[in-house]
Colleague: 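Submitted below is the structure of interest, expressed as structure tokens.
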Amino acid sequence: MIILLKNEHQTLPLSRDVKKIAVIGPHADLLRSYFGTFSYPATIDMTMAREEDGQVFEEPGLIIYDIEQKYVGQVRDPSPRLERRLQKEFPQSRTLRRALEEYLTDAQILYARGINAAGNDVGDVEEALNVASQADVIILTLGGKNGWGITSTVGEGVDSTSIDLPGEQEAFARKIYALNKKTVVLHFDGRPLSNEYVASHFDAIMEVWQPGLMGGQALCKVLFGEYSPAGRLPVTAARNAGQLPVYYALPRGSGYRAAGHTGMIRNKNGYINDTAFPLYDFGYGLSYTTFAYSDFKAQAQEIAPDGTIRVCLNIKNTGDREGDEVVQLYVSDDVSSMVRPERELAGFCRVHLQPGEEKTVCFDMKASQLAFLDEQMRWVVEEGTYTLMAGASCEDIRQSLKITVTSTAQTDCRTRGFYAKAAVI
């Protein structure tokens, strides 16, 4: 799932006529980075990490989980044999560097690691800056490495007080930015980007997570416009650890949406020294094209507590490229007897549209989907008005309407509605 987080000045997609591309950073030519924690490559990485100075430890936990505290604050680089092993095991896989060399046969692909995934080894930074300065376009890879213990920056047995880029990666990114070159940032990790400097300075940013077996080839197709990115964030991305927990379905009257309206959060933005609003919202993701929402209507304005209601809206591709829009339906209980989330995801639907094409998306939502636990811990659908919202993320709401549940009734939690059934007609 590749998510386009930022694309200013039409930086993406890149032109296939580009002559020199610098692929920089810890994930540019490291196949291990393309696989997550509970994967076969991570297992091989863990096994090989047991080998130190020619000695193979009998107990993996001795070295992997650093029981003897020999590597406090460190992340071990992959075994020199690891990449060769992975290339043998997965001959169809390509790192981004290798994929670009095959994808753009007429371009010169320059490469320098610059910094490792842990961000502590900065010995190659000057080489990377020199290589990057020669390029027409820089593709900068940043982020963590998923796995076990001291082999990784995130994963099983890996805890941190920071959710920021590991080690010295921000300092490295600042030096790349200072070159004033056209740059695309690709963020590899099992957790979302939470770095304000990168988010605010670079013109093009993609969240690529661990792109997997064919990740290198897939990234080429997205970077050069063969495919328009259509991923959406399944989480809320915090700016820093001080914001946690932060999520979109906040109880009404709390969290970042209440900033400036409560005595505890004393300015209009949130904290006294920072904004309370997240870096990226739940459901957020851009495309190489644009979409318009219109004609949001409900089949009926009222619904019984055991009934189903259909709502439909039109989605039109208003850009000049084909692409997918992920239409998201949210619901908010206007007045309730218990504190309820300010809004909840009620359903979603991916719709593919050619330039200028328009389609209708419909959602069939059971009233029991609105149920919650009352004071007696019974699941009830409560009488009252509800606001339905359709949009491109939890904050990018394009259309809304109100419906009324006609009476209060208990419902069976085992059979109640969970997500609205969606269809493109």
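The chain is numbered in sequence order, starting from 1.
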Colleague: Evaluate side chain to side chain contact (heavy atoms under 4.5 Å, CB included) for Q328 paired with C349, printing each intermediate quantity in order.
Modeller: CA-CA 7 Å; Q328 299 163 45; C349 182; over 6 Å; no
Colleague: Do R16 and L104 have side chains that get closer than 4.5 Å, going by heavy atoms?
Modeller: yes
Colleague: Between the side chain of K145 and the main-chain N/O of T151, is any donor-acceptor distance below 3.5 Å?
Modeller: yes
Colleague: Check whether any side-chain heavy atom of D333 sits under 4.5 Å from a side-chain heavy atom of V331, and report yes or no.
Modeller: no
Colleague: Quick one: closest heavy-atom pair of R340 and A371, and the distance?
Modeller: NH2-O, 4.1 Å
Colleague: Taking the six-membered ring for Trp, are Y34 and W209 ring centroids under 6.0 Å apart?
Modeller: no
Colleague: Does either side chain, that of S393 or that of D281, offer a donor lying less than 3.5 Å from an acceptor on the other one?
Modeller: no
Colleague: Under a 4.0 Å threshold between the charged nitrogen and the carboxylate oxygen, would R113 count as salt-bridged to D124?
Modeller: yes
Colleague: Rounded to the nearest 0.5 Å, what's the gap from CD1 on I109 to CD1 on I21? Could you check?
Modeller: 4.5 Å
Colleague: Please find the pair of heavy atoms, one from A132 and one from L179, that lie closest to each other, and give the distance.
Modeller: CB-CD1, 3.6 Å
Colleague: Walk me through whether I139 and L96 qualify under side chain to side chain contact (heavy atoms under 4.5 Å, CB included).
Modeller: CA-CA 10 Å; I139 299 177; L96 181 59; 3.8 Å; yes
Colleague: Looking at R174 and E168, is any side-chain nitrogen of the basic one under 4.0 Å from a carboxylate oxygen of the acidic one?
Modeller: no
Colleague: Atom CE of M46 and atom CG of L82: how far apart are they, to the nearest 0.5 Å?
Modeller: 12.0 Å
Colleague: Assign the ring pair H27 / F188 to parallel, tilted or perpendicular, where the plane angle (0 to 90°) is split at 30° and 60°.
Modeller: parallel
Colleague: Taking the side chain as C-beta and beyond, is there a heavy-atom pair between V311 and F296 under 4.5 Å?
Modeller: yes
Colleague: For atom NZ of K182, is the number of surrounding heavy atoms from other residues, nucleotides or ligands below 6.0 Å larger than 12?
Modeller: yes
Colleague: With respect to M206, which candidate in L5, L12, V185 satisfies the side-chain contact (heavy atoms from CB on, under 4.5 Å) definition?
Modeller: L12
Colleague: Any donor-acceptor pair under 3.5 Å linking the side chain of E83 with the backbone of L31?
Modeller: yes
Colleague: Report yes if some heavy atom in the side chain of L329 is under 4.5 Å from a heavy atom in the side chain of L345; otherwise report no.
Modeller: no
Colleague: As an exercise, state the distance from CZ of R310 to CZ of F363, rounded to the nearest 0.5 Å.
Modeller: 11.0 Å
Colleague: For K421, what residues pass the salt bridge (Lys or Arg N to Asp or Glu O under 4.0 Å) criterion, not counting sequence neighbours?
Modeller: none
Colleague: Hey, do the aromatic rings of F224 and Y103 have their centres closer than 6.0 Å?
Modeller: yes
Colleague: Take D136 and K181 through the test salt bridge (Lys or Arg N to Asp or Glu O under 4.0 Å) and record every step on the way to the result.
Modeller: CA-CA 7 Å; D136 302 314; K181 293 274 187 175; 5.8 Å; no
Colleague: Would you say that P41 contacts E89 through its side chain, given a criterion of any heavy-atom pair below 4.5 Å between the two side chains?
Modeller: no
Colleague: For atom NZ of K366, is the number of surrounding heavy atoms from other residues, nucleotides or ligands below 6.0 Å larger than 12?
Modeller: no
Colleague: Does A420 offer a backbone N or O that forms a donor-acceptor pair with the side chain of Q369 under 3.5 Å?
Modeller: yes
Colleague: Are the side chain of E226 and the backbone of V222 linked by a donor-acceptor contact shorter than 3.5 Å?
Modeller: no
Colleague: Is the closest side-chain heavy-atom distance between T236 and Y284 below 4.5 Å?
Modeller: no
Colleague: If I take atom CG from residue N195 and atom CG from residue L165, how far apart are they, to the nearest 0.5 angstrom?
Modeller: 4.5 Å
Colleague: Please confirm whether the backbone N or O of F277 pairs with a side-chain atom of Q243, one donor and one acceptor, at under 3.5 Å?
Modeller: yes
Colleague: Check this for me: Q10, atom CD, are more than 12 non-hydrogen atoms of other residues, nucleotides or ligands nearer than 6.0 Å?
Modeller: no
Colleague: Determine whether more than 12 heavy atoms belonging to other residues, nucleotides or ligands lie under 6.0 Å from atom CD of E8.
Modeller: yes
Colleague: When you check the gap from the basic side-chain N to the acidic O, do R398 and D396 get nearer than 4.0 Å?
Modeller: yes
Colleague: Closer than 3.5 angstrom, by distance alone: can the side chain of R252 be matched with the main-chain N or O of S336 as a donor-acceptor pair?
Modeller: no
Colleague: State, without any angle test, whether T387 and S332 hold a side-chain donor-acceptor pair at a distance under 3.5 Å.
Modeller: no
Colleague: Under a plain distance cut-off of 3.5 Å, with no hydrogens placed, do S194 and D164 share a side-chain donor-acceptor pair?
Modeller: no
Colleague: Distance alone, cut at 3.5 Å: any donor-acceptor contact between the side chains of T308 and D364?
Modeller: no
Colleague: State whether the number of non-hydrogen atoms from other residues, nucleotides or ligands found under 6.0 Å of N180 atom CG is greater than 12.
Modeller: no
Colleague: More than 12 foreign heavy atoms under 6.0 Å from CZ of F348: is that the case here?
Modeller: no
Colleague: Is any side-chain heavy atom of T141 closer than 4.5 Å to one of P26?
Modeller: yes
Colleague: Which word best sums up how the rings of Y197 and F202 line up, parallel for under 30°, tilted for 30 to 60°, or perpendicular for over 60°?
Modeller: perpendicular
Colleague: Do the side chain of T408 and the main chain of E383 share a donor and acceptor less than 3.5 angstrom apart?
Modeller: yes
Colleague: Between R32 and D45, is there a salt bridge with N-O shorter than 4.0 Å?
Modeller: yes
Colleague: Salt-bridged, E102 to R97, with N to O below 4.0 Å?
Modeller: no
Colleague: Keeping T43 on the side-chain end and S39 on the backbone end, is there a donor-acceptor pair under 3.5 Å?
Modeller: yes
Colleague: Where do V327 and V351 come nearest, in terms of heavy atoms and distance?
Modeller: CG2-CG1, 4.1 Å
Colleague: Taking R232 for the side chain and A230 for the main chain, is one N or O donor matched with an acceptor at less than 3.5 Å?
Modeller: yes
Colleague: S400 side chain to L388 main-chain N or O, any donor-acceptor pair under 3.5 Å?
Modeller: no
Colleague: Only one of L353, N317, I425 clears side-chain contact (heavy atoms from CB on, under 4.5 Å) with K359; which?
Modeller: L353
Colleague: Just checking F90 against F35, ring centres under 6.0 Å apart?
Modeller: yes
Colleague: Can you measure from CD (E322) to OH (Y288) and round to the nearest 0.5 angstrom?
Modeller: 13.5 Å
Colleague: Going through the distances and angles, do E325 and Y293 end up as a side chain to side chain donor-acceptor pair (under 3.5 Å)?
Modeller: CA-CA 11 Å; E325 175 65 327; Y293 290 53; 2.7 Å; yes
Colleague: Check step by step if side chain to side chain contact (heavy atoms under 4.5 Å, CB included) holds for Q410 and W379.
Modeller: CA-CA 6 Å; Q410 286 185 235; W379 284 95; over 6 Å; no
Colleague: Are side-chain heavy atoms of L129 and V131 found at a separation under 4.5 Å?
Modeller: no
Colleague: E382 and S337: side-chain donor and acceptor closer than 3.5 Å?
Modeller: yes
Colleague: Can you tell me if T318 and T290 form a side-chain donor-acceptor pair at under 3.5 Å?
Modeller: yes
Colleague: To the nearest 0.5 Å, what is the distance between CD on Q169 and OG1 on T153?
Modeller: 8.0 Å
Colleague: Against L223, only a single residue in V184, V137, I2 fulfils side-chain contact (heavy atoms from CB on, under 4.5 Å); can you say which?
Modeller: V184
